[in-house]
Amino acid sequence: MRGPVVVLGDTLLDRDVEGVVNRLCPDSPVPVLDETAASDRPGGAGLAAVFAAAQGAEVVLVTALADDAGGARLSALLAAAGVQVFPLALSGATPEKIRLRARGRVLLRHDRGGASGEPGQPSDEVLRVIGAASAVLVSDYGRGVARQPALRDALSATRAPVVWDPHPRGPAAIPGVHLATPNESEVRDLVPALPGASRLAAASRGAQGLRRRWRAGAVAVTLGGDGALLCHAGSTPLVVPTPGSAEGDTCGAGDRFAAAASLALAQGALVSEAVQAAVAEASAYVAGGGVAAALPPPARPMPTSVVGPGGDRVGVAPVATLLAEVRATGGTVVATGGCFDLLHAGHVATLQAARQLGDCLIVCVNSDASVAGLKGPDRPVMSEGDRARLLAALSCVDAVLIFDEPTPDAALSWVRPDIWVKGGDYATGGGDAAATLPEAEVLKRWGGNTVVVPYLDGRSTTDMIVRTLAERTR
């Protein structure tokens, strides 16, 4: 593949709540679910991106993330799955789908997040990565990303094969897509069947109607456990049956199908070959236990709050509130990060200089597990809660966010700071110092900038610890 596989579309936060039912509610004849476990995962385009990344592909997800706890959770989950997120701003709340389950069956689905928010404008880097893709999967969930004009222009201009997984509430596919992958229900909504038509006749008529309407190269209608029907320029459709019968949780099977077809096209497969590979992948996915068995263990959530003095400015909730307030007035969001183990004068100088560059300063702090992974088992000296509270107590710091990963990429994809700041000890003394920062490439995804500010020489947490230990051993 010459470039990454790009997945573009709306990402939702899916949650499965497992429990047991032993009684009915006393004030209404409905079952009472006693929760025993809950798990989060990316849904929509995010799930398709996770599936593609699990196959070893380099995957870029272009999606919109809200300034709320759901957006923060999605960033962490996607980063843990190896997906590179190129985020757009999203007004409103993160859409969530919560499935209440008992004994493997769904009792109720609870949706929240309200009406679709408006996605922001893509950066130049987003448009560039679409143009450099080996394949593009548009995973539309009808919430606005696939309707964004600049993105549609970039999709029309790319030379990569485009797979369009449509939604009845979404826009028409761009003209000339290589493959569209609606399911039976979506085809019926988009192209009503003739009265009395058989299942295959209705699917074939709908597929040909969509192919002409969208000027698509081919349309594959997924038929659940019966495989798929592929219609292309010829008059005779191709029926691709499943390799064997499989029963199980079909949640996410359509995303698995679309992701597999996109990967096959990125590797140079014919459309018919891509559809056959997709049917096989989706069938194996359902037979293997569905989404619960296919996804890696979820990442630990970012702390929503920290108890104690200064805790009201630490965690996802206060950061989300701050972001909404600053962006509502058109302000500039500044962020910096680090371990901040044993806060010293060098840290304070960097933080004070950073705060002067915008309208708020958010400090991203490595968790205890993250520090230990970077510095060794004897670090940190101070717990993440204490480090966060000390930082939050500084007048130049507006909020603190603790992250669990080795790098702040997931936190940054959610916060989307306009400016990322590091102390001058990162400068090389020549050339563009900011270009050497590992976060620089991440900031480019949404048009942010990295800068270096002056740093007080001779201040180092590690050196302080070494000197202290040396004094003790004298």
Side-chain angles (χ1 to χ4, degrees), residues 1-9 45 48-49 51-52 55-57 59 130-140 146 152 154-167 170 172-184 186-187 190-191 200-243 253-285:
M1 294 187 291
R2 64 181 179 88
V5 173
V6 174
V7 180
L8 183 152
F51 286 153
Q55 300 302 308
V59 178
I130 292 173
S134 59
V136 180
L137 166 58
V138 179
S139 182
D140 183 21
R152 292 180 69 85
L155 290 169
S156 297
T158 187
R159 300 179 64 182
V162 176
V163 176
W164 196 284
D165 194 9
H167 192 280
I174 61 166
V177 297
H178 282 63
L179 177 66
T181 60
N183 61 35
E184 280 186 280
E186 290 162 346
V187 167
L190 294 167
V191 183
L200 286 180
S204 178
R205 178 178 183 274
Q208 292 290 15
L210 289 178
R211 191 182 67 81
R212 290 189 294 268
R213 184 188 304 175
W214 293 342
R215 287 181 276 163
V219 175
V221 182
T222 54
L223 304 174
D226 293 321
L229 181 144
L230 174 64
C231 288
H232 38 68
S235 58
T236 305
L238 172 68
V239 175
V240 182
T242 56
D255 296 305
R256 186 62 171 254
F257 180 96
S262 301
L263 286 174
L265 291 174
Q267 295 163 353
L270 301 174
V271 170
S272 57
E273 295 171 333
V275 171
Q276 292 176 64
V279 168
E281 280 284 337
S283 300
Y285 164 82

Side chains of [X] and [Y], heavy atoms from C-beta outward: is any pair under 4.5 Å?
X	Y	value
Val138	Asp165	no
Val136	Pro161	no
Ile130	Leu155	yes
Pro166	Trp214	yes
Ser204	Leu229	yes
Val163	His178	no
Leu230	Leu179	yes
Arg205	Val191	yes

With side chain to side chain contact (heavy atoms under 4.5 Å, CB included) as the criterion, how do Val221 and Glu184 come out once you've worked through the C-alpha distance, each side chain's angles and the decisive distance to 0.1 Å? CA-CA 6 Å; Val221 182; Glu184 280 186 280; 4.1 Å; yes
Judged by atom type as modelled, is there a donor-acceptor pair below 3.5 Å linking the side chain of [X] to the main-chain atoms of [Y]?
X	Y	result
Arg213	Leu190	yes
Arg159	Gly131	no
Thr242	Gly225	yes
Glu273	Leu270	yes

Heavy-atom closest pair, residues [X] and [Y]:
X	Y	value
Ala132	Arg2	O-NH1, 3.7 Å
Gly170	Asp140	CA-OD2, 3.2 Å
Ala266	Val5	CB-CG2, 4.1 Å
Ala260	Ala277	CB-O, 4.5 Å
Pro182	Leu210	CG-CD1, 4.0 Å
Gly217	Arg211	O-CD, 3.9 Å

Can you tell me how far apart [atom1] ([X]) and [atom2] ([Y]) are? Round to the nearest 0.5 Å.
X	Y	atom1	atom2	result
Leu238	Gln276	CG	CD	6.5 Å
Phe51	Ser139	CZ	OG	10.5 Å
Trp164	Ile174	CH2	CD1	6.0 Å

- Task: Indicate whether any N or O donor in one side chain lies under 3.5 Å from an N or O acceptor in the other, for Thr222 and Asn183.
- Result: no
Evaluate the criterion side chain to side chain contact (heavy atoms under 4.5 Å, CB included) for residue pair Leu223 and Leu200; output intermediate values, then yes/no. CA-CA 9 Å; Leu223 304 174; Leu200 286 180; 4.2 Å; yes
(Q) Applying side chain to side chain contact (heavy atoms under 4.5 Å, CB included) to Val275 and Phe257, what does each step give before you reach the verdict? (A) CA-CA 8 Å; Val275 171; Phe257 180 96; 4.1 Å; yes
Does NZ or CZ of Arg256 fall inside the cone over Tyr285's six-membered ring, less than 6.0 Å from its centre and within 45° of the axis? no
